[in-house]
2 protein chains.
Amino acid sequence: MSIKGIFPIDKWDFGSESILADLPLSDLEILMSRKSEQVYKKGQVIFREGAYPSGIYYIANGKVKKYKVDAEGREQIIYVANTGELLGYHAILSVDNYPDSAAVLEESTIAFIPKEDFLEAINQSGVLNRRLLKTLSHEFAVLANSLTLFAQKSVRERLALQLIVVREKYKVNFEPGMPVEINMSRDDLASLVGTARENVVRMLSEFKAEGTVETKGRKIIVLDVKRLIEIANYR
Amino acid sequence: MSIKGIFPIDKWDFGSESILADLPLSDLEILMSRKSEQVYKKGQVIFREGAYPSGIYYIANGKVKKYKVDAEGREQIIYVANTGELLGYHAILSVDNYPDSAAVLEESTIAFIPKEDFLEAINQSGVLNRRLLKTLSHEFAVLANSLTLFAQKSVRERLALQLIVVREKYKVNFEPGMPVEINMSRDDLASLVGTARENVVRMLSEFKAEGTVETKGRKIIVLDVKRLIEIANYR
DNA sequence: TAAAAAAAGTGAGTTATATCAATTTTTATA
DNA sequence: TATAAAAATTGATATAACTCACTTTTTTTA
């Protein structure tokens with residue numbers, strides 16, 4: 001049985017249901033007609049929580065973290081978005097300010113789509129409408145799942161789980177036999193797992209000692225996914 | 001300044017944006033034409049996680065907990081829904097099984113609305129469509145908020161916060177000066193906060209000792225909401 | 001490529017919270 | 001209303017995870 005069979009990635013990841021995939025060309029045209037692309041450098045912020053939204057963003061290429069910052073300035077990553085995904089539509093649809101911030105994890109090309117074009121596309125397209133309802137509902141399920149994770153799983157279990165999820169996102173040009181290199185800072189990994197950097201580092205050392213992962217500088221390579229599933233104690 | 005000003009309840013509660021409020025009568029007619037009401041006794045389950053959805057539910061009267069159960073059988077409450085709210089639409093919209101379970105917290109009257117009627121109402125009604133998009137996006141913001149809470153706040157802080165949120169839900173026939181009685185089992189409160197029952201009890205005793213809350217049997221009465229906000233250490 | 005800066009890693013001490021065991025109080029039932 | 005059952009409460013102990021202080025390695029920049 002494949003890893004996907006044992007570990008249903010769609011229950012852990014919004015992105016597995018893309019909003020734009022197979023969208024009629026006419027809808028895409030409305031959406032993309034006036035888009036403007038921009039290259040963001042590593043760490044650069046796309047939008048900040050609480051700001052008023054003037055459009056949505058499309059990740060033409062790269063990776064983006066969505067996060068919230070608490071009173072003490074600590075970051076909590078809610079989601080890592082990948083190439084091909086949309087950002088910032090929640091704020092437009094809920095007629096509210098951005099509920100979270102977004103910053104790029106690596107140099108990325110991001111397209112800006114004006115609010116008016118997005119709203120027109122929704123008005124014109126039943127498909128986009130249904131797709132959005134489906135995606136948002138799916139996101140609810142995934143987020144509810146994450147919530148349960150945070151409430152009930154140990155830091156160790158959460159780290160194992162997130163390594164599996166994040167590894168999937170770093171499968172660019174993946175070929176069987178080729179190792180997947182997770183190129184994420186310990187700080188970001190920590191704020192994804194919801195713990196301090198030191199704990200992530202310590203536990204990674206343990207995983208390394210038992211041969212479950214390997215590191216190349218800051219890069220993490222998972223050697224034994226099944227063992228991670230075991231550690232995560234997932235059903 | 002009112003409590004709502006200091007503590008923006010819409011950031012904590014899905015229900016503050018009702019799907020059905022002010023919906024055109026014609027839409028409500030499609031939705032409610034074939035509904036069937038049923039009285040559920042305290043603790044009774046409405047639907048279970050993983051089951052195939054055949055419709056949605058409307059809480060005509062009562063309170064419902066939405067929750068997930070982990071491998072060890074521990075419950076995690078995701079949300080407490082109140083009179084007037086809809087349940088179970090995520091599963092229909094995401095074309096998937098129920099992502100969570102629902103059970104009534106007190107004797108409740110629940111109406112069942114067949115899947116076909118819900119889908120037809122969506123097809124017929126642009127208003128309902130937009131309302132759903134708005135609600136789902138708002139739910140995302142609230143759930144993202146909860147996630148951050150779980151990741152970054154202590155059990156003590158979370159308990160204080162949930163007491164404020166839950167108190168709002170027990171404001172039935174509220175009149176100024178009248179105390180609001182939170183009639184929720186310690187077990188449910190614990191699984192809402194994400195901790196063990198014993199911890200909730202212990203902390204409630206502390207809150208009682210400092211005069212912040214009072215208990216009447218199992219019922220909890222908040223005497224000092226501002227103090228709870230302080231304990232929660234909220235912005 | 002050397003120097004500076006940033007990030008990663010290690011160790012020790014502390015604390016919040018989980019867990020186990022038992023008692024008391026409240027609520028439901030006969 | 002007595003009795004049983006369920007829920008709430010208290011206490012003691014164990015431990016996972018946090019925090020602080022510091023060193024080493026890696027990455028960036030000049």
*Asks:* Quick one: is D:dT9 close enough that its OP1 or OP2 comes under 4.0 Å of any side-chain N or O from B:Ser205?
*Replies:*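 No.
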*Asks:* Whole angstrom is fine here: how far is it from CE in B:Met184 over to C1' in D:dA8?
*Replies:*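 These atoms are roughly 16 Å apart.
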*Asks:* Rounded to the Å, how far apart are A:Asp187 CG and D:dT27 C1'?
*Replies:*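 For the pair A:Asp187 CG and D:dT27 C1', the rounded distance is 15 Å.
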*Asks:* For DNA chain D, whose closest nucleotide is more 5', that of B:Asn199 or that of A:Ser154?
*Replies:*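 Closest to the 5' end, via its nearest nucleotide, is B:Asn199.
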*Asks:* Hey, is B:Glu106 close enough to B:Lys42 for a salt bridge, meaning N to O under 4.0 Å?
*Replies:*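 A salt bridge is absent here (no side-chain N lies under 4.0 Å from a carboxylate O).
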*Asks:* Within the pair B:Arg186 and D:dT9, is there a side-chain N or O less than 4.0 Å away from OP1 or OP2?
*Replies:*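 For D:dT9, OP1/OP2 do have a side-chain N/O of B:Arg186 under 4.0 Å.
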*Asks:* Write down the distance between CZ (A:Arg197) and C1' (D:dA21), rounded to a whole number of angstrom.
*Replies:*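 Roughly 12 Å, once rounded to whole Å.
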*Asks:* Is B:Glu75 salt-bridged to B:Lys68, cutoff N-O under 4.0 Å?
*Replies:*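 Looking at B:Lys68 together with B:Glu75, the answer is no, because their closest N to O distance does not fall below 4.0 Å.
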*Asks:* Less than 4.0 Å between a side-chain N and a carboxylate O, is that true for A:Arg197 and A:Asp188?
*Replies:*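 Between A:Arg197 and A:Asp188 there is no salt bridge, as every charged N stays at least 4.0 Å from the carboxylate O atoms.
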*Asks:* Can you measure A:Asn183 atom CG to C:dA7 atom P for me and round it to whole angstrom units?
*Replies:*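 About 13 Å, once rounded to whole Å.
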*Asks:* With sequence neighbours left out, write down each residue that passes ring pair (Phe, Tyr, Trp, His ring centres under 6.0 Å) with A:His90, or none if nothing qualifies.
*Replies:*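 With sequence neighbours excluded, A:His90 shows a ring pair (Phe, Tyr, Trp, His ring centres under 6.0 Å) to B:Phe140, given in chain and number order.
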*Asks:* Between C:dT17 atom P and A:Gln152 atom CD, what is the distance in whole Å?
*Replies:*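 Taking atom P of C:dT17 as the reference, CD of A:Gln152 is at 17 Å.
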*Asks:* Less than 4.0 angstrom between a side-chain N/O of A:Arg202 and OP1 or OP2 of C:dG9, yes or no?
*Replies:*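 No, because none of the side-chain N or O atoms of A:Arg202 sits under 4.0 Å from OP1 or OP2 of C:dG9.
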*Asks:* Strictly below 4.0 Å, N to O, side chains only: are B:Asp13 and B:Lys169 in salt-bridge contact?
*Replies:*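 A salt bridge is present here (some side-chain N lies under 4.0 Å from a carboxylate O).
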*Asks:* Identify which nucleotide among C:dG9, C:dT17, C:dT19 has an atom closest to any side-chain atom of B:Arg156, counting heavy atoms from C-beta outward.
*Replies:*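 Among the listed nucleotides, the one closest to the side chain of B:Arg156 is C:dT17.
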*Asks:* Does this structure show an ion pair linking A:Arg186 with A:Glu198, if we count only N-O contacts that are shorter than 4.0 Å?
*Replies:*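 So A:Arg186 does not pair with A:Glu198 through a salt bridge.
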*Asks:* Indicate yes or no: does A:Lys208 engage A:Glu214 in a salt bridge with an N to O separation below 4.0 Å.
*Replies:*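 Salt bridge absent between A:Lys208 and A:Glu214.
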*Asks:* Identify which one of A:Asn97, A:Asp96, A:Ile92 satisfies the side chain to side chain contact (heavy atoms under 4.5 Å, CB included) criterion when paired with A:Ser94.
*Replies:*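 That would be A:Asp96; it is the only one of A:Asn97, A:Asp96, A:Ile92 passing the side chain to side chain contact (heavy atoms under 4.5 Å, CB included) with A:Ser94.
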*Asks:* Could you state the CG-P distance from B:Leu189 to D:dT9, rounded to the nearest angstrom?
*Replies:*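 It is 11 Å, rounded to the nearest whole Å.
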*Asks:* Would you kindly give the CZ-to-C1' distance between A:Arg74 and D:dT19, to the nearest whole Å?
*Replies:*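 Whole-Å distance recorded here is 11 Å.
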*Asks:* Which of these passes side chain to side chain contact (heavy atoms under 4.5 Å, CB included) with B:Asn61: B:Val39, B:Ile110, B:Thr83?
*Replies:*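 Result: among B:Val39, B:Ile110, B:Thr83, B:Thr83 is the only option passing the side chain to side chain contact (heavy atoms under 4.5 Å, CB included) with B:Asn61.
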*Asks:* Between B:Met203 and B:Glu198, which is nearer to the 5' end of DNA chain C once each is assigned its nearest nucleotide?
*Replies:*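 The residue mapped nearer the 5' terminus is B:Met203.
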*Asks:* When the distance from CG of B:Leu204 to P of D:dT9 is rounded to whole Å, what number comes out?
*Replies:*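 Going from B:Leu204 (CG) to D:dT9 (P), I get 7 Å.
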*Asks:* Would you mind building the protein contact string for nucleotides 24-30 of chain C? One character per nucleotide, 5' to 3', B for base within reach (heavy atoms under 4.0 Å), S for sugar-phosphate only, - for untouched.
*Replies:* ---S---
*Asks:* Work out how much the helix from C:dT1-D:dA30 to C:dA30-D:dT1 bends between its end axes, five pairs an end, to the nearest 10 degrees.
*Replies:*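 Between the axes fitted at each end of the helix from C:dT1-D:dA30 to C:dA30-D:dT1 lies an angle of 60°.
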